[in-house]
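For reference, the structure is listed below as structure tokens.
These values consider heavy atoms only, across backbone and side chains, with no hydrogens, waters or symmetry-generated copies.
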Amino acid sequence: MVRRIEVRGNERIEAATVISYLPIQPGETIDPAKIDLALKSLFRTDLFADVKIDLQADGTLVVSVEENPIINRVLFEGNKSMKEDKLKDEVTVRPRGIFTRSKVQGDVARIVELYRRSGRISANVTPQIVQLPQKRVDLIFKIDEGPKSGILRVNFLGNKAFSDNDLRDVVVTEQSRWYKFFSSNANYDPDRLEYDREQLRKFYRNRGFYDFRVSSAVAEFAPDKNGFAITFTIDEGREFKFGKVNVETDLKKLNPDVLKALIPFRTGQVYEDQKIEQATDALTFAAGAAGFAFVDVRPRYTPNRETGTIDVTFEVKEGPRVYVDRIDIVGNTQTLDYVIRREMNLVEGDPYNRALVDRSKNQIKALGYFKDVDITETPGSAPDRTNLQVKVTEQPTGEFSFSAGYSSVDQVVVDLGVTQRNFRGRGEDVRARLSLGSVRQQLDLGFTEPRFLGRDLAAGIDVYYYKYDLTRISTAPYSTTSLGTNLRLNFPLSLNSRGSLIYTLRTDDVSVGDSLCSGTVISSSLCSQRGYFLTSLVGYGYRTDHRNDPIKPTRGFYLQFNQDFAGIGGDVKYIRTEANAGWYHGFAKNLILSTVGSAGYVNGWGGDAVRINDRFFKGGDSFRGFETAGIGPRDISAGRSDALGGKGYAIGTVEMTVPTFLPEQYGIQAAVFTDFGVLGGLDSRYKTLNGKVIDPTQPALGNYDIRDNYALRASAGLSVFWRSPMGPIRFDFSQVLKKEDYDKTELFRFSTGTRF
């Protein structure tokens, strides 16, 4: 029987703490089994290097311990190719932690594996201990990195349909070459090899090779050349095409023929795995939209190897009923929970619906507050319950922007802006922008509340001041000044569509010197518009968005239409209509085609003509290759170059992102583009012909030459995007393909900004 417990050898750890770990108390009888259990309990704490337990004749249980030392510092020596921070993240030992040999040996293995995966197959790590007073030690990992082992060759055996070079573009592992000094994939990594096997399988299965398999993937090390030879042995099989395609369902509200029409492939087309996935998603979404929250879509394959076809039947069944138990939001350090929750189409207690989960994910991404959004399912409190975890990775939503443009006549435009799209983490948008340039001076303030009155209504107000000093780009010293405010309201119309209303009250001032209008110095089309005018207008808009990603779309389209009516009070009467649309198609990760078009027309009513403030001016960011107000009607008489703006325009852009063959961590992307379009149209009273004004009510002031036509303009070029440490930078290099002799061109433009 144990009468009392005595602890010996402890220096830092209190005796009571040691006794608390023992499964033995005074007054109990013990046997060898209990002593063995006590030893294991003390060793399990990692506090002791050695423990001995002895029961003396007087009933005293003596527990002799040798404490593990405390780690004072963790140091790394010899690491040249790998940063110390990365090594610290890899090891488990920490300063002020307990030193154990098992932990150190485990960390040695982790460091060696880290070096092996970076291509240094012969790396060696030796731990060293420096004893310090008071049972403390410094732990030093001495690292011999060794030479970097590259990939000598990537070989393929058994391939007939595709060449070795084609398949080398598919796998991530790259052959070492002297010019690939930036590449991080030109070294042997067993995990990367497994990933390459999967990439090959996807490549072949998306090109009709249903029976494709990788028989083996072998890495052979050549010590004399310090490199690996990677060999993939593959079995291609034959090429298959889709055979019969059917949809089977017992759900009465779902029509199999309607569902079949949603399948994105037909009989006779080459078999593709990704088409099966797209069809499954489309059928699941359609069933969800029809009210079936619990649906299970499974493809059934019937390969006919004699004919080289695969029959595919999609079985659409009602799946097990599952309800949302809890929704957890993690990763948001600034954004408040309710800002994310209000974008969810599901709440606790709702039936689980995959289509609504995917839509919620897109809506959260569309906020623009997060770099990444992921919604995963975790087990709930019961078999028919599931939890949804919304994991977000926040990104800066404040932005300080700076842009500048250089034109063909050495004009400079500088834009400064401060925007916070998630003010106070509440999703409110606050904007302040100042633009200073040779043509435009602009001050723009705005505020948007995305959930006005607690409803799905986005309400906002803008206050702005614009001044266009056209003296600096023409011979005519005149300017236009606008001061106004907008009241905006945006509301949902359907799952993918939204409507908007706007009211604008604005004063415009066209300033031209009196002395200039008494001769032939300036066009009469400008002189007739001098003075102050009050504009009061109401407008409405419609937008539908069917893109797969609101930030970086690779599929889908959007359409937008806006119309404004001026003349609800004020001095100006016109109707302005604008529309724009975009279509996106991704061929590969770095090969995305986008086609965007916009058009607009404004026309006066009630006897009013369209004044210069209300016409369209295009160029700069809206038409690359031409400077701001660089195209459209222009007065070029007597050596002048006065931009007059147009009543109608139509501009299209075709852009294709292209690979830069640079490591992704460099953050450099590129795209080739072509912009083309027309801008023209002036009311007849603002035109002159052969020295006489067309409108007889206007005085003839000279022999003017006003050019106004809908001539085609076109440009092409290269855009380079760089996510630099100081912020995103964009360079536009343009070559004008078609222009009029009076247009103003701009061959280079860049813009940059920084986020906070």
Side-chain angles (χ1 to χ4, degrees), residues 1-78 84-114 124-144 326 328 330 378-383 387:
M1 178 179 291
V2 178
R3 299 187 181 277
R4 66 188 186 91
I5 300 175
E6 180 181 335
V7 179
R8 298 176 183 176
N10 57 311
E11 298 179 25
R12 300 186 320 274
I13 304 172
E14 295 290 338
T17 302
V18 178
I19 294 173
S20 68
Y21 290 125
L22 292 173
I24 302 171
Q25 298 297 325
E28 295 181 2
T29 58
I30 63 170
D31 54 24
K34 278 195 174 183
I35 292 178
D36 182 64
L37 180 61
L39 288 170
K40 290 179 179 179
S41 298
L42 291 176
F43 275 116
R44 197 178 298 121
T45 64
D46 283 339
L47 296 173
F48 310 106
D50 193 18
V51 179
K52 294 180 181 179
I53 298 179
D54 182 36
L55 181 63
Q56 297 183 351
D58 61 354
T60 300
L61 187 70
V62 178
V63 181
S64 302
V65 297
E66 180 184 342
E67 295 177 350
N68 275 323
I70 297 293
I71 298 174
N72 181 54
R73 292 185 300 170
V74 179
L75 305 173
F76 301 90
E77 294 183 1
E84 188 169 310
D85 289 343
K86 191 170 185 179
L87 294 172
K88 286 182 177 179
D89 291 341
E90 191 68 22
V91 299
T92 59
V93 293
R94 295 286 186 270
R96 295 180 298 279
I98 303 298
F99 171 86
T100 65
R101 295 188 180 277
S102 60
K103 282 186 177 181
V104 172
Q105 291 302 322
D107 286 342
V108 167
R110 290 186 184 90
I111 296 173
V112 170
E113 183 63 21
L114 191 64
N124 184 46
V125 181
T126 304
Q128 292 186 351
I129 301 170
V130 179
Q131 299 287 346
L132 300 174
Q134 300 177 349
K135 275 286 183 178
R136 295 179 302 123
V137 295
D138 283 345
L139 177 60
I140 304 173
F141 291 99
K142 285 189 171 293
I143 302 171
D144 179 10
R326 192 175 70 248
D328 298 320
V330 297
T378 58
S381 58
N387 298 329

(request) With sequence neighbours excluded, tell me which residues meet side chain to side chain donor-acceptor pair (under 3.5 Å) with Glu113. (result)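 Expected list: Arg117.
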(request) List for me each residue that meets side chain to side chain donor-acceptor pair (under 3.5 Å) alongside Glu84, sequence neighbours excluded, and say none if there are none. (result) Lys88
(request) Please collect all salt bridge (Lys or Arg N to Asp or Glu O under 4.0 Å) contacts where either partner lies in residues 5-16, sequence neighbours excluded, each pair once. (result)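 Applying salt bridge (Lys or Arg N to Asp or Glu O under 4.0 Å) to every pair that reaches into residues 5-16, excluding sequence neighbours, yields Arg4-Glu6, Glu6-Arg8, Arg12-Glu67.
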(request) Mind jotting down which residue pairs meet the salt bridge (Lys or Arg N to Asp or Glu O under 4.0 Å) criterion with at least one end in residues 93-107? Sequence neighbours excluded, please. (result)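 Checked against salt bridge (Lys or Arg N to Asp or Glu O under 4.0 Å) - neighbours excluded - the pairs reaching residues 93-107 are Asp107-Arg110.
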Can you tell if the side chain of [X] reaches within under 4.5 Å of the side chain of [Y], non-hydrogen atoms only?
X     : Y     : answer
Ile53 : Ile24 : no
Asn68 : Leu47 : no
Ile70 : Ile98 : yes

(message) Once side chain to side chain donor-acceptor pair (under 3.5 Å) is applied, what residue pairs with a partner in residues 128-144 remain, sequence neighbours excluded?
(response) Asn72-Arg136, Asn72-Asp138, Arg73-Asp138, Glu77-Lys142
(request) Test side chain to side chain contact (heavy atoms under 4.5 Å, CB included) on Leu61 and Leu55 and set out the steps. (result) CA-CA 4 Å; Leu61 187 70; Leu55 181 63; 4.1 Å; yes
Identify, with sequence neighbours excluded, every residue that meets side chain to side chain contact (heavy atoms under 4.5 Å, CB included) alongside [X].
X     : answer
Arg44 : Lys40, Ser41
Ala15 : Val7, Asn10
Asp54 : Gln56
Asp31 : Ala33, Lys34

(request) Quick one: pull up CD1 in Ile71 and CG in Leu132 and give me the separation to the nearest 0.5 Å. (result)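 Answer rounded to 0.5 Å: 11.5 Å.
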(message) With rounding to the nearest 0.5 angstrom, report the CG to CD1 distance, Leu114 to Ile111.
(response) 8.0 Å
(request) Just grab all the ring pair (Phe, Tyr, Trp, His ring centres under 6.0 Å) pairs involving residues 19-60, residues at least two apart or on different chains. (result)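 Passing the test, one end in residues 19-60: no pairs.
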(message) By the ring pair (Phe, Tyr, Trp, His ring centres under 6.0 Å) test, which pairs, at least two apart or in different chains, include something from residues 124-143?
(response) Phe76-Phe141
Locate the shortest heavy-atom distance separating [X] from [Y]; write the atom from each residue and the value.
X      : Y      : result
Asp46  : Thr100 : O-CG2, 3.6 Å
Pro379 : Asn387 : O-ND2, 3.0 Å
Leu42  : Val18  : CD2-O, 3.9 Å

(message) Under the rule for salt bridge (Lys or Arg N to Asp or Glu O under 4.0 Å), what residues qualify as partners of Arg3, not counting sequence neighbours?
(response) none
